[in-house]
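The structure appears below as structure tokens.
In each ligand, atom 1 is the first atom listed, and ligand 1 is the first ligand listed.
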Amino acid sequence: MKRVALLGATGSIGRQAVEIVARSPELELCALMSGSGPLDALAAAHGVEHVQVGGSAAGLLEASEPDIVLNAIVGFAGVEATLWALERGVILALANKESLVAAGELALAAHRRGGGLLLPVDSEHSAIFQCLEGREPETVAELVLTASGGPFRGRSRAELEHVTVADALDHPTWAMGRKITVDSATLANKGLELIEAHWLFGIPYERLAVVVHPTSIVHSLVRFRDGALLAHLGQPDMRVPISFALTYPDRAAVPVAPLDLAAGLDLRFEAPDDDAFPLLRLARAAGERGGTFPCAYNAANEVAVAAFLEGRIGFLEIAETVAAALEQVDGAPARDLDDLVAADAAARRAAERRLVPA
Ligand SMILES: NC(=O)c1ccc[n+]([C@@H]2O[C@H](COP(=O)([O-])OP(=O)(O)OC[C@H]3O[C@@H](n4cnc5c(N)ncnc54)[C@H](OP(=O)(O)O)[C@@H]3O)[C@@H](O)[C@H]2O)c1
């Protein structure tokens with residue numbers, strides 16, 4: 001029996017994870033955490049003793065002694081739990097991409113010391129993890145992340161000027177939390193995933209590519225140096241990568257409809273539009289600069305997305321806010337978590353200044 005600490009239990013990933021754990025005789029929930037949502041009913045239904053709403057994850061994790069931490073918190077708030085699990089060699093099933101983007105080198109160092117498994121829950125990275133099968137980075141010519149393109153695929157920059165929050169939340173293929181749904185509309189999500197892939201798989205940015213694939217059937221691809229291109233195909237259903245991470249190296253059954261190959265699959269691919277969606281290019285630049293620039297990118301994006309969702313800024317101003325914040329921070333590397341928290345806070349202040357009209 002593996003004990004699962006589920007952080008972000010009330011969210012989109014969290015709710016699907018509850019379903020996966022309930023279906024598996026080899027998994028049990030040992031801890032639940034949310035940011036603000038009540039957990040009493042869920043805890044009672046699954047007999048979970050360790051429950052926490054808000055605050056620090058460390059005490060909950062220490063007390064509940066999990067075998068697996070499923071980090072499905074949204075945003076930088078997930079950093080503490082990611083570092084906790086990596087440092088102790090506890091299996092980390094990581095949905096909270098923001099923590100790996102922000103903590104980068106610190107997370108990798110903790111992972112090296114802890115020596116545990118780091119299993120991606122993001123569907124693209126789960127796909128790449130499976131295509132790679134543990135092969136060395138030098139065998140890889142290119143990792144190709146697929147992007148649905150979000151609700152605004154095909155629109156020009158001018159056409160994005162007046163899109164609304166409701167438009168941005170209307171994702172064509174995935175049902176997800178509000179923040180990641182907006183990130184998918186701006187392509188910041190793919191930018192975060194680019195940086196996440198760099199840290200997870202040790203591949204330099206010049207060998208990381210993004211391609212738009214509107215039907216989200218191909219979840220990502222690996223191009224090897226011998227010319228072979230391996231892809232992972234499936235329904236866009238997050239229960240599949242959640243289950244893969246929680247039951248690895250087994251593959252538990254998941255009740256998803258099989259892809260009907262004979263009906264014909266729509267496997268179109270197209271290049272992303274950097275002009276309409278500059279947050280992808282900005283993420284790559286932040287990743288290449290290194291230090292705490294990725295942390296700043298993430299922090300400024302969180303501030304800008306929250307402001308957009310509150311109706312304080314328009315859609316195009318999300319990218320403008322992030323670009324302006326990145327201009328103002330020094331990007332100095334973080335030696336420890338305190339440095340990282342300070343870099344995150346500095347970027348948030350820079351983004352907030354940009355939001356307040358002069
Ligand atoms: N949804 C997807 O399909 C998907 C796919 C790939 C990756 N991801 C990643 O998975 C993560 C979660 O996404 P989601 O779509 O599930 O988001 P969501 O639906 O917004 O859920 C976020 C969860 O995080 C909790 N939370 C927020 N702040 C917290 C804090 N300070 N401490 C503890 N818990 C906190 C929320 O609790 P309350 O709301 O109860 O306060 C909620 O349970 C994100 O990093 C996202 O990028 C999601």
Of all the non-hydrogen atoms in the protein, which one sits nearest to [atom], and at what distance?
atom: atom 11 (C) of ligand 1; answer: I73 O, 3.5 Å
atom: atom 12 (C) of ligand 1; answer: A72 O, 3.3 Å
atom: atom 46 (C) of ligand 1; answer: I180 CD1, 3.8 Å
atom: atom 9 (C) of ligand 1; answer: A95 O, 3.1 Å
atom: atom 27 (C) of ligand 1; answer: V74 CG1, 3.8 Å
atom: atom 47 (O) of ligand 1; answer: K97 CE, 3.2 Å
atom: atom 5 (C) of ligand 1; answer: M238 CE, 3.5 Å
atom: atom 31 (N) of ligand 1; answer: A77 CB, 3.4 Å

Does the pair [X]/[Y] count as a salt bridge with the N-to-O cut at 4.0 Å?
X: R348; Y: E302; answer: yes
X: E65; Y: R88; answer: no
X: K179; Y: E98; answer: yes
X: E270; Y: R153; answer: yes
X: E26; Y: K2; answer: no
X: E196; Y: K97; answer: no
X: E193; Y: K190; answer: yes

Is there a polar contact between ligand 1 and [X], counting only N or O atoms under 3.5 Å apart?
X: I13; value: yes
X: T10; value: yes
X: E98; value: yes

Nearest non-hydrogen contact with [atom] belongs to which option: [options]?
atom: atom 17 (O) of ligand 1; options: G177, G8, S36, S56; answer: G177
atom: atom 36 (C) of ligand 1; options: S184, G35, P236, S99; answer: G35
atom: atom 1 (N) of ligand 1; options: S12, G75, S34; answer: S12
atom: atom 6 (C) of ligand 1; options: D122, T181, L60; answer: D122

Taking the six-membered ring of F152, is the NZ or CZ of R155 close enough (under 6.0 Å from the centre) and on axis enough (within 45°)?
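No, R155 does not sit over the ring of F152.
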
Pairing residues for N71 by the side chain to side chain donor-acceptor pair (under 3.5 Å) criterion, not counting sequence neighbours
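With neighbours one apart ignored, the set is T82.
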
What do you reckon, does G54 put a non-hydrogen atom under 4.0 Å from ligand 1?
no

Does at least one non-hydrogen atom of K179 fall below 4.0 angstrom from an atom of ligand 1?
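Flag not set, K179 not near ligand 1.
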
Any atoms of ligand 1 less than 4.0 Å from a non-hydrogen atom of [X]? List them with their elements.
X: M33; value: 32 (N), 33 (C)
X: G37; value: 38 (P), 40 (O), 41 (O)
X: G11; value: 16 (O), 18 (P), 19 (O), 21 (O), 42 (C), 43 (O)
X: A9; value: 43 (O)

Between D167 and T164, is there a side-chain donor-acceptor contact under 3.5 Å, judged purely by atom types and distance?
yes

Distance alone, cut at 3.5 Å: any donor-acceptor contact between the side chains of E105 and W199?
no

Please check if the distance between the ring centroids of F293 and Y297 is under 6.0 Å.
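Centroid distance F293-Y297: not below 6.0 Å, so no.
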
Rounded to the nearest 0.5 Å, what separation is found between the OG1 atom of T292 and the CG atom of D339?
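Going from the OG1 atom of T292 to the CG atom of D339 covers 8.5 Å.
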
